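So you know, we letter chains A, B, ... as the sequences are listed, proteins then strands, and number each from 1. Everything numeric in this text was worked out from a predicted model, so none of it was measured.
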Amino acid sequence: MNVTKVLDAKGLACPMPVVRARKTMKEMETGEILEIFTTDKGSVADLTAWAKSSGHEMVDQKEDTGVFTFWIKKG
Amino acid sequence: MNEVTAKEIETKLSAGQPLTLIDVREVDEVAEVKIPGSINIPLGLLEFRMNELDKTKEYTMICRSGGRSGQATNFLENYGYKVVNMAGGMLAWEGPTEDLFTKNNTPGGKSEDSAVTPMTAGEVAKKVINKEKFFILDVRNEDAFADWKIEGENIQYLNSPYFDLLDGVEEILDQIPTDKEVVVVCAKEGSSIFVAEMLAEAGRDVHYLQGGMKAWSEHLEPVKVGDLKDGGAIYQFVRIGKGCLSYMIVSNGEAVIVDATRMTDVFLDFAKQLNVKITNVLDTHLHADHISGGKKIAEAVNGTYWLPPKDATGVTFDYEPLEGGRVITVGTSKIDIQALYSPGHTIGSTSFIVDDAYLLSGDILFIDSIGRPDLAGLAEDWVGDLRETLYRRYRELAEDLLVLPAHFMIIEELNEDGSVSERLGTLFANNHGLNIEDEQEFRQLVTGNLPPQPNAYQEIRQTNMGKINPNEETQREMEIGPNRCAIR
């Protein structure tokens with residue numbers, strides 16, 4: 001995947017992963033992909049819901065030993 | 001997290017102690033009012049600027065109400081810095097202040113802003129039981145809110161996810177009443193503090209739920225259900241956020257616990273307060289909606305843990321087999337707990353009759369619903385057992401027994417005092433699940449129309465069997481959501 005920016009939000013609790021994702025996304029262009037790492041379980045549903053509500057596309061996500069990775073395309 | 005009061009800081013500063021104060025509010029907030037000499041690093045920038053700090057020095061963190069600075073304190077602690085949080089923030093500060101525009105120092109005087117105050121799960125539970133009118137602003141995502149929320153007969157709700165409020169709360173301000181108490185709720189509390197502080201800045205007095213829905217899920221409210229003939233008593237522990245009910249039967253200095261939740265300290269402390277020794281701990285069945293604390297309590301008090309053997313085929317630890325017809329005595333006087341084999345919800349499900357007066361029905365019979373037979377994957381096999389238990393075995397019991405189930409589903413099932421109970425005869429008359437004459441129709445109801453299964457129910461069963469040992473945080477996550485053990 002062609003990742004434009006990477007955001008490491010590991011160790012951050014709600015609401016910070018979404019706050020940081022939103023801030024980073026503001027600096028990006030439509031169609032670019034943001035890769036985000038988190039460890040907060042609540043971030044899975046919240047980043048998905050936030051992406052939807054802000055018009056971005058959750059392209060893919062995975063979990064590996066407690067670290068969640070998301071790829072979100074800016075809408 | 002280490003905390004100090006605003007007063008302690010004021011005293012130390014006036015005594016000339018060299019404290020380093022870091023204010024994590026936004027620049028414009030600090031410009032309006034600050035403690036003279038404090039350094040401003042907005043919370044969002046802390047991670048980029050923490051390398052400016054010295055790990056050998058101690059820092060005092062400050063914000064408006066103590067919420068953001070608490071987050072900052074936890075964050076810096078994780079990175080090995082020495083930090084303390086000033087509890088209550090600038091709202092609690094009565095010492096000298098200055099503002100950036102005039103540099104005018106004021107000799108004191110508390111900020112006139114509106115306030116954010118925490119509300120505990122216990123305080124919210126009291127409001128629900130007393131049927132108080134209040135307002136909940138739930139800032140979790142819409143799916144989480146639809147799945148599970150704080151229920152109450154006189155609660156008014158607004159669900160507005162925090163991530164839609166990052167630019168401010170103006171859009172929802174006119175939907176938030178000013179004539180009712182407002183409690184902001186989220187999963188753990190972080191986002192609710194964030195939103196509550198914005199509401200306070202907009203001039204509203206609001207509370208946030210301390211510990212969020214996790215604390216709500218874990219809160220237990222003990223209620224005395226009734227007396228025993230010899231002077232003992234039976235207590236119900238209402239887990240109001242999740243609908244689980246546990247019991248403590250007390251007589252002559254001894255106690256028996258039935259269907260304990262994993263918040264074992266609550267039971268141990270309660271027994272200590274009553275000055276009774278826990279001798280036996282029982283589970284009516286292998287639970288699928290919540291993690292049992294039974295085994296842990298039995299170990300802590302060196303008591304006996306009982307489990308129905310037919311539910312315990314996969315269990316990895318020792319237990320005493322709880323079988324129909326067994327009598328367990330509490331105290332020196334004779335208070336029998338008769339075990340009654342009553343399969344249906346699980347194959348081993350066992351009910352208890354205590355003191356010939358109380359029927360602890362487990363997950364077989366509830367106040368306004370009956371147990372579901374499918375959580376171990378065997379609905380078709382167990383529906384016959386469920387019918388047999390509800391329509392024959394229970395019919396043979398005395399109608400004036402007070403039914404004490406292991407769950408409630410809806411808040412309307414709570415009595416005036418917050419307890420959950422009803423006479424067996426009344427349930428035979430009013431509970432729909434006990435009044436389906438046609439067996440085929442009954443089968444259809446309990447196998448064809450099942451609600452979604454509880455969150456992580458298979459992992460919960462495995463935990464209760466001792467097959468897996470998740471840490472406390474994982475156990476909390478597994479139990480998120482309502483119990484969903486019933487069919488209406």
Portion of D143(B) that has a non-hydrogen atom of chain A nearer than 4.5 angstrom: neither
Let me have the donor-acceptor pairs involving side chains of residues 55-66 of chain A, under 3.5 Å, with sequence neighbours excluded, atom names and distances please.
from, atom 1, to, atom 2, distance (Å)
H56(A), ND1, G75(A), N, 3.0

task: Could you list which of residues 32-49 of chain A have a heavy atom closer than 4.5 Å to any heavy atom of chain B, in residue-number order?
output: D40(A), K41(A), A45(A), D46(A), A49(A)
message: Quick one: does any side-chain atom of N455(B) pair with a main-chain N or O of E477(B) as donor and acceptor, under 3.5 Å?
response: yes
message: Quick test of your reading: applying side-chain hydrogen bond (donor to acceptor under 3.5 Å, both in side chains), list the pairs with at least one residue in residues 11-23 of chain A, sequence neighbours left out, ordered by first then second residue.
response: R20(A)-E47(B), R22(A)-D167(B)
- prompt: Is R140(B) salt-bridged to D147(B), cutoff N-O under 4.0 Å?
  reply: no
message: Just to verify, what does Y157(B) make a side chain to side chain contact (heavy atoms under 4.5 Å, CB included) with, not counting sequence neighbours?
response: I136(B), F145(B), K149(B), E151(B), I155(B)
T463(B) (side chain) donor-acceptor with E459(B) (main chain) under 3.5 angstrom: yes
Side-chain donor/acceptor of K242(B) to backbone N/O of E479(B), under 3.5 Å: yes
field: Residue among G11(A), C14(A), A21(A) with most heavy-atom pairs under 4.5 Å to chain B
entry: C14(A)
